[in-house]
2 protein chains.
Amino acid sequence: MDKVFKALADPSRRQLLDRLFAEQGQTLGALADGLAMTRQAVSQHLALLEAANLVATVKRGREKLHYLNPVPIHEAHARWIAKFERPRLDALAALKQRLEGEDDG
Amino acid sequence: MDKVFKALADPSRRQLLDRLFAEQGQTLGALADGLAMTRQAVSQHLALLEAANLVATVKRGREKLHYLNPVPIHEAHARWIAKFERPRLDALAALKQRLEGEDDG
DNA sequence: CTAATGGGCAAGTAATTACTTGCATGTCAA
DNA sequence: TTGACATGCAAGTAATTACTTGCCCATTAG
C-alpha cells in the first residue's frame, strides 16, 4: 500500500499513468518520447509503478508494452481514502434525511 | 494536488490522520504521545498535512487543536483516482481485500 | 512573581530519491 | 553476419526527506 501512495506522489509518474490511460500498450520509448527526461529516468519511474502493481508489462520481442492496472488505486481508495469521505457523506446523508423525512439508511 | 499525494505517501502521516480520524481536536502533544518519534517530528508531519490542507488547526491558548479536512482527499479521488476505476473492479477489490485481510500501516 | 507546560524555530545528519552518463544485452532487418 | 534499435544494468550526483538535538517564546498554574 505504501508503494502505491509513493508511486502516486510523483508528478512524473502520474503523468506516465495519464499517458497510459490515454493509450495503453505503449513501449518505453513511446512513453519517454517528448518528456523532459532521459529514457532511463522514465524506465526507473515505470519500474516503480510496476513494483507498486499499478502498471503491468508484457515483453514482445525487444519491446516492452505497458498496461494500466487500476486495482491497487481502487484498493487504496476502498481501504484507506474512503473512510475520510465518511464525515462528508454523513453530513450529506443527514441533510438528505432531513429533507426527505427518512429515518433509516 | 501534489502536496496531498506526497502527504499521503508517508506511513507516519497516514497514522496521524488515522489518529485524528479516531478523535479530532487533539493537541500536538496528544498526537505525539506513544509514537516512536519526537514531538518535533510529529509537528513537522502535521505542518506538512496542514500545508496540504488535509488538516486544519485552531489555536486555543497555548494549545493547537487539529482537525481533519477530508475535502482534498475527496478532490484527489474525484479528479484523479476515479478515472482509473472500472465499475467491475469494485467487487474485485472488495473480494481481494476480504481474502488478504487488512495489512495497511 | 516563578515554574511548568505546550508549542515553535533552526541547524545538522543520515537515508532516500530523482536523475544522469556510460556500457551491456537481446532482437530484428538487410 | 552486421548494424541499428529497444531496453537493461550499474555507478555517481545533487536534491529532498525524515528525523534529531538544542534553545526560545507564550500561556497558565501555584
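Note that the coordinates shown come from a computational prediction; the quantities given were computed from them, not determined experimentally. Letters go in sequence order (proteins before strands), and every chain restarts at 1.
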* For B/K3 and D/dT16, what is the distance between atoms NZ and C1' respectively, to the nearest whole Å? -> 15 Å
Run the side-chain donor-acceptor check on residues 33-47 of chain B: report pairs under 3.5 Å with partners two or more places apart or on a different chain.
residue : atom : partner : partner atom : Å
B/T38   : OG1  : B/A41   : N            : 3.3
B/H45   : ND1  : B/R13   : NH1          : 3.1

* Structure fact -> When rounded to whole Å, the CG to P distance for the pair A/L31 and D/dG8 reads 12 Å
* Structure fact -> Ranking D/dA6, C/dC19, C/dG6 by distance to the side chain of A/E63, first place goes to D/dA6
* To do: Measure from NZ on B/K6 to P on C/dT16 and round the result to the nearest Å.
  => 17 Å
Measure all distances between protein nitrogen or oxygen atoms and nitrogen or oxygen atoms of nucleotides 8-10 of chain C, and list the pairs falling under 3.5 Å.
residue : atom : partner : partner atom : Å
C/dG8   : OP1  : B/K64   : NZ           : 3.2
C/dG8   : OP2  : B/S43   : OG           : 3.4
C/dG8   : O6   : B/R39   : NH2          : 3.4
C/dG8   : O6   : B/Q40   : NE2          : 3.4

* Give a yes/no answer on whether the side chain of B/T38 brings an N or O atom under 4.0 Å of OP1 or OP2 in D/dC19. => no
* To the nearest 0.5 Å, how far apart are CG in A/N53 and CD in A/E75? -> 8.0 Å
* Asked: Linking Ile, Leu, Val, Met, Phe, Trp and Tyr through side-chain heavy atoms less than 4.5 Å apart, which residues share a cluster with B/L65?
  -> B/V58, B/Y67
* **Distance, rounded to the nearest Å, where B/L48 contributes CG and D/dA18 contributes C1'** => 10 Å
* To do: Indicate whether OP1 or OP2 belonging to D/dT17 is found under 4.0 Å from a side-chain N or O atom of B/H45.
  => no
* Structure fact -> Rounded to whole Å, the CG-P distance (A/L35 to C/dT20) equals 11 Å
* Sole residue of A/L54, A/N69, A/L8, A/L68 in side chain to side chain contact (heavy atoms under 4.5 Å, CB included) with A/L49 -> A/L54
* Asked: What integer distance in Å separates B/L46:CG from D/dT17:P?
  -> 17 Å
* What residues, two or more places apart in sequence or in another chain, satisfy salt bridge (charged side-chain N to carboxylate O under 4.0 Å, His left out) together with A/K64? -> A/E50
* Atom CG of B/L8 to atom P of D/dA18: distance rounded to whole Å? -> 12 Å
* Short side-chain N/O contact to C/dG6 OP1/OP2 from B/T27, under 4.0 Å -> no
* To do: Show the numbers, then the answer: is there a side-chain contact (heavy atoms from CB on, under 4.5 Å) between A/R19 and A/Q26?
  => CA-CA 9 Å; A/R19 287 196 158 204; A/Q26 292 187 73; 4.3 Å; yes
* Hey, does A/V55 have a side-chain heavy atom less than 4.5 Å from the side chain of A/L17? -> yes
* Asked: Salt-bridged, B/D10 to A/K6, with N to O below 4.0 Å?
  -> no
* Using atom CG of A/D10 as one end and atom C1' of C/dT16 as the other, report the distance to the nearest whole Å. => 13 Å
* Applying salt bridge (Lys or Arg N to Asp or Glu O under 4.0 Å), which residue pairs with at least one partner in residues 51-60 of chain A are found, sequence neighbours left out? -> A/R60-A/E63
Atom pairs under 3.5 Å: protein N/O with N/O of nucleotides 26-28 of chain C:
residue : atom : partner : partner atom : Å
C/dT27  : O2   : A/R62   : NH1          : 3.2

